[in-house]
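Everything below concerns the one structure shown next.
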Amino acid sequence: MADLQKFIEELRAKVSIVDVVGAKVKLVRRGREYQACCPFHNEKTPSFTVNEAKGFYHCFGCGAHGDIIKFEMEANGLPFIDALKKLADKAGIEMPKLSHEDHAQAEERKTLYEIMEMAVQYFERCLRLPEGRHGLEYFYGRGFGDDIITKFRLGYAPANNGLKAWLGSKGVSEHEMMELGLAAMSSREREGGENARVFDFFRDRVIIPIFDKANRPIAFGGRVMNDGQPKYLNSPETPIFNKRHVLYNLNNARDKAFEARRIIVCEGYMDVIALSKYGFEYAVAPLGTALTEEQIAEAWKVCSEPTLCFDGDGAGIKAAIRSVDRALPILKPGHSLQYVFLPDKQDPDEFLKDKGHDAFAEYMEKTTPLVDLLWKKNTDNALMNTPEQKALVEKNIMDEVAKIGNEQVRGYYQQAMRQRVYYELGKGSWTPSYAKKNNGGRQTGAAVRVEKVRPKTSLDELIVKFVLAAMVYYPELVAEYEEKMAMFAMPNPGLQTLLDNMVAVFNEHDGDEAFGSAVMIAELEEKGLRKELNLLWELKMLQMQKPDICDVRQEIDTKLTEVQIRQLENEIKECLAGLENAESFSDEEYARYQNLKKERQELIAACNGDE
């Protein structure tokens with residue numbers, strides 16, 4: 001029975017219900033759900049919905065409802081075992097040895113959930129009794145009021161084996177208690193001794209119930225009330241609980257995460273509860289282990305780029321690095337991870353108490369993409385003084401990129417890392433960084449911050465033509481780079497005229513959903529600028545290659561940043577030449593030299609994303 005349940009949970013984690021149902025009917029995305037005409041009854045207006053995050057389908061017309069297994073059975077007329085085999089083949093996993101009797105055993109799980117619900121109610125009641133007073137005071141001391149205690153159904157486990165006695169009075173056997181991790185047997189019995197006894201697994205601990213996506217209790221976490229060890233204790237794995245597949249609070253956070261278009265993954269359940277108290281109700285956490293591939297897949301069902309929030313200490317950084325290792329093999333188009341490291345070694349609870357809601361919300365916008373963390377993992381503290389050392393760093397990076405299973409994503413990572421190797425290890429003049437731009441939704445793109453810019457630095461004509469071609473191909477780039485381009489001197493009046501007209505066309509169509517490259521080209525030609533457009537051979541290149549807008553942004557940022565740093569380095573060299581004649585080197589010139597060096601360092605730091 002335990003093997004069957006674990007296998008079923010693995011199927012649900014690895015097989016998308018959208019893929020399963022979509023193989024039978026045509027699904028159309030509608031907000032957070034998919035819709036179709038029901039395959040189980042005739043209808044002309046779609047009333048059949050599929051929810052990827054919750055893992056079920058439902059028809060509002062005929063009432064059909066279930067998960068991937070039930071759909072395979074009912075839509076394709078398959079018996080239970082055959083449905084499991086078909087899904088196992090789809091997931092590429094091996095089925096355990098099962099009999100048709102296992103279907104009946106699976107139905108017995110309902111009883112296990114009922115026992116767990118009884119345990120939740122028992123712990124809740126004990127928290128309000130005199131013996132649980134110090135547990136209640138612990139929650140109050142952490143700032144958790146009655147509303148939070150009720151929402152998360154927090155409780156207390158006394159030290160008197162009361163749960164075992166209470167469940168026993170309700171007809172629950174010791175075997176069932178041990179099977180669910182509610183009770184344990186003394187070590188003497190496990191070693192074959194006599195006079196063994198069964199006792200409560202959780203004793204003198206505050207209790208945090210753990211629920212599955214269907215809001216059913218499946219396990220518990222307990223924090224000790226004294227100096228005992230371990231400080232935190234989670235339920236062992238049971239027929240209904242596999243900690244690799246479960247994210248704490250996903251049952252509560254799922255809908256809120258859809259609304260916010262964000263899900264925060266913390267290190268522990270106390271962080272999740274604290275975040276909820278401050279209004280961040282879309283936080284989840286793994287259960288005492290590093291984030292697993294299965295948990296990442298669960299988070300992706302809700303948000304394509306979850307934000308992993310770690311303490312800013314060594315343990316938090318190590319946990320982030322482990323998540324990179326877990327994520328690389330399963331990356332897929334449109335799905336990745338973002339990272340936030342809190343300052344001063346604070347956890348979310350400490351940060352919120354110290355700085356409040358708004359400061360935390362602002363910090364959540366300072367995310368680091370997975371690609372940046374992968375680079376830092378292999379370059380921070382690495383020796384790069386010789387060609388051989390640099391070659392080793394490059395090899396290590398590309399070996400990790402090779403772990404990416406998806407060919408398309410792997411190709412883009414290889415391209416991005418080769419570019420970084422060239423600029424960072426080759427020239428040593430530029431390190432790309434990524435910045436977040438909040439546009440109502442959360443759009444993340446490659447964008448180097450260029451606050452410190454040398455006024456009217458001359459741009460090479462090839463660079464200008466590439467930027468203008470990019471603006472024609474992706475008109476939304478006009479708004480992003482108009483101000484930056486104004487800081488540079490154009491190589492000829494014709495290109496300046498073309499840029500001015502592009503800005504005018506963009507402003508005329510700002511907010512028009514139908515506005516795109518074709519409209520931009522047509523209106524520039526109407527303004528008599530066809531000859532200037534034809535000189536942009538880079539535009540033809542973009543039209544042929546169809547690059548992603550993020551890659552185009554990164555290329556623009558790279559070119560502009562290199563120009564700025566190169567100009568600063570030339571001016572610094574001029575100042576250094578003046579040092580040869582120390583008598584004529586005035587205080588003003590020395591101050592200019594220092595300012596140029598500072599400006600160059602600030603620009604490099606901005607590119608690196610440093611504060």
Side-chain angles (χ1 to χ4, degrees), residues 116-167 177 181-184 199-211 215 217-236 248-249 251-253 264 266-281 283-288 309 311 313 315 342 344-357 359-360:
M116 293 297 287
E117 175 60 30
M118 293 165 63
V120 173
Q121 294 177 13
Y122 173 80
F123 291 139
E124 285 182 299
R125 185 168 64 254
C126 288
L127 184 66
R128 302 293 179 174
L129 295 177
E131 59 187 331
R133 185 65 193 176
H134 62 309
L136 188 62
E137 290 175 350
Y138 169 80
F139 286 132
Y140 286 160
R142 294 200 67 142
F144 302 160
D146 289 333
D147 55 338
I148 291 293
I149 292 173
T150 300
K151 175 182 177 180
F152 290 94
R153 304 191 67 182
L154 306 180
Y156 171 74
N160 58 5
N161 288 331
L163 176 63
K164 174 180 172 292
W166 189 74
L167 289 176
M177 296 180 207
L182 300 174
F199 54 88
D200 285 357
F201 186 77
F202 295 100
R203 301 184 303 281
D204 193 25
R205 290 176 181 267
V206 289
I207 295 295
I208 299 94
I210 298 164
F211 298 86
N215 209 34
I218 54 175
F220 296 97
R223 187 193 187 282
V224 71
M225 286 285 88
N226 48 46
D227 296 329
Q229 292 295 327
K231 184 177 180 181
Y232 288 99
L233 181 65
N234 289 323
S235 293
Y248 173 70
N249 195 47
N251 57 311
N252 291 319
I264 300 174
C266 311
E267 293 188 60
Y269 32 64
M270 286 299 184
D271 293 330
V272 169
I273 298 172
L275 283 167
S276 179
K277 171 194 168 187
Y278 283 87
F280 299 95
E281 298 182 275
V284 298
L287 299 168
C309 179
D311 305 352
D313 56 10
L342 297 178
D344 304 322
K345 299 182 179 181
Q346 291 182 316
D347 60 32
D349 190 15
E350 294 167 335
F351 185 96
L352 286 163
K353 287 178 180 176
D354 185 27
K355 298 181 174 63
H357 174 281
F360 187 85

Return the minimal non-hydrogen interatomic distance between [X] and [Y], and the atom names on each side.
{"X": "S276", "Y": "E281", "answer": "OG-CG, 4.0 Å"}
{"X": "P286", "Y": "C266", "answer": "CD-O, 3.1 Å"}
{"X": "G222", "Y": "Y269", "answer": "N-OH, 3.8 Å"}
{"X": "N234", "Y": "F202", "answer": "C-CZ, 4.2 Å"}
{"X": "E350", "Y": "Q346", "answer": "OE1-CA, 3.3 Å"}
{"X": "N249", "Y": "A283", "answer": "ND2-O, 2.9 Å"}

Is there a donor-acceptor pair closer than 3.5 Å between any side-chain N or O of [X] and the backbone N or O of [Y]?
{"X": "E131", "Y": "P158", "answer": "no"}
{"X": "R205", "Y": "K231", "answer": "yes"}
{"X": "D347", "Y": "D349", "answer": "yes"}
{"X": "D200", "Y": "G162", "answer": "yes"}

Open item on the list: Strictly by ring pair (Phe, Tyr, Trp, His ring centres under 6.0 Å), give each pair with a member in residues 126-157 just once, sequence neighbours left out.
Closed with: H134-Y156
TODO: State whether the number of non-hydrogen atoms from other residues, nucleotides or ligands found under 6.0 Å of K353 atom NZ is greater than 12.
DONE: yes
Interatomic spacing from [atom1] in [X] to [atom2] in [Y] - rounded to 0.5 Å:
{"X": "L352", "Y": "H357", "atom1": "CG", "atom2": "NE2", "value": "8.5 Å"}
{"X": "I210", "Y": "L287", "atom1": "CD1", "atom2": "CG", "value": "4.5 Å"}
{"X": "L127", "Y": "E137", "atom1": "CG", "atom2": "CD", "value": "10.5 Å"}
{"X": "D344", "Y": "F351", "atom1": "CG", "atom2": "CZ", "value": "9.0 Å"}
{"X": "F360", "Y": "C309", "atom1": "CZ", "atom2": "SG", "value": "4.0 Å"}
{"X": "K355", "Y": "L342", "atom1": "NZ", "atom2": "CG", "value": "9.0 Å"}

Task: Worked verdict on E124 versus I207 for side-chain contact (heavy atoms from CB on, under 4.5 Å) - done: CA-CA 9 Å; E124 285 182 299; I207 295 295; over 6 Å; no
Open item on the list: Hydrogens and angles aside, do Y248 and D271 bring a side-chain donor and acceptor to less than 3.5 Å of each other?
Closed with: no
Flag the pair [X] / [Y] as yes when at least one side-chain heavy-atom distance between them is below 4.5 Å, and no otherwise.
{"X": "L167", "Y": "Y122", "result": "no"}
{"X": "V284", "Y": "I264", "result": "no"}
{"X": "R153", "Y": "F123", "result": "no"}
{"X": "M270", "Y": "I208", "result": "yes"}
{"X": "C126", "Y": "W166", "result": "no"}
{"X": "V206", "Y": "M225", "result": "yes"}
{"X": "K277", "Y": "R142", "result": "no"}
{"X": "P236", "Y": "F201", "result": "yes"}

Task: Worked verdict on I273 versus L154 for side-chain contact (heavy atoms from CB on, under 4.5 Å) - done: CA-CA 10 Å; I273 298 172; L154 306 180; 4.0 Å; yes
Open item on the list: If the condition is salt bridge (charged side-chain N to carboxylate O under 4.0 Å, His left out), which residues does R125 pass it with, not counting sequence neighbours?
Closed with: none
Open item on the list: Please determine whether side-chain contact (heavy atoms from CB on, under 4.5 Å) holds for the pair I149 and L136, giving the CA-CA distance in whole Å, both sets of side-chain angles, and the decisive distance to 0.1 Å.
Closed with: CA-CA 9 Å; I149 292 173; L136 188 62; 3.7 Å; yes
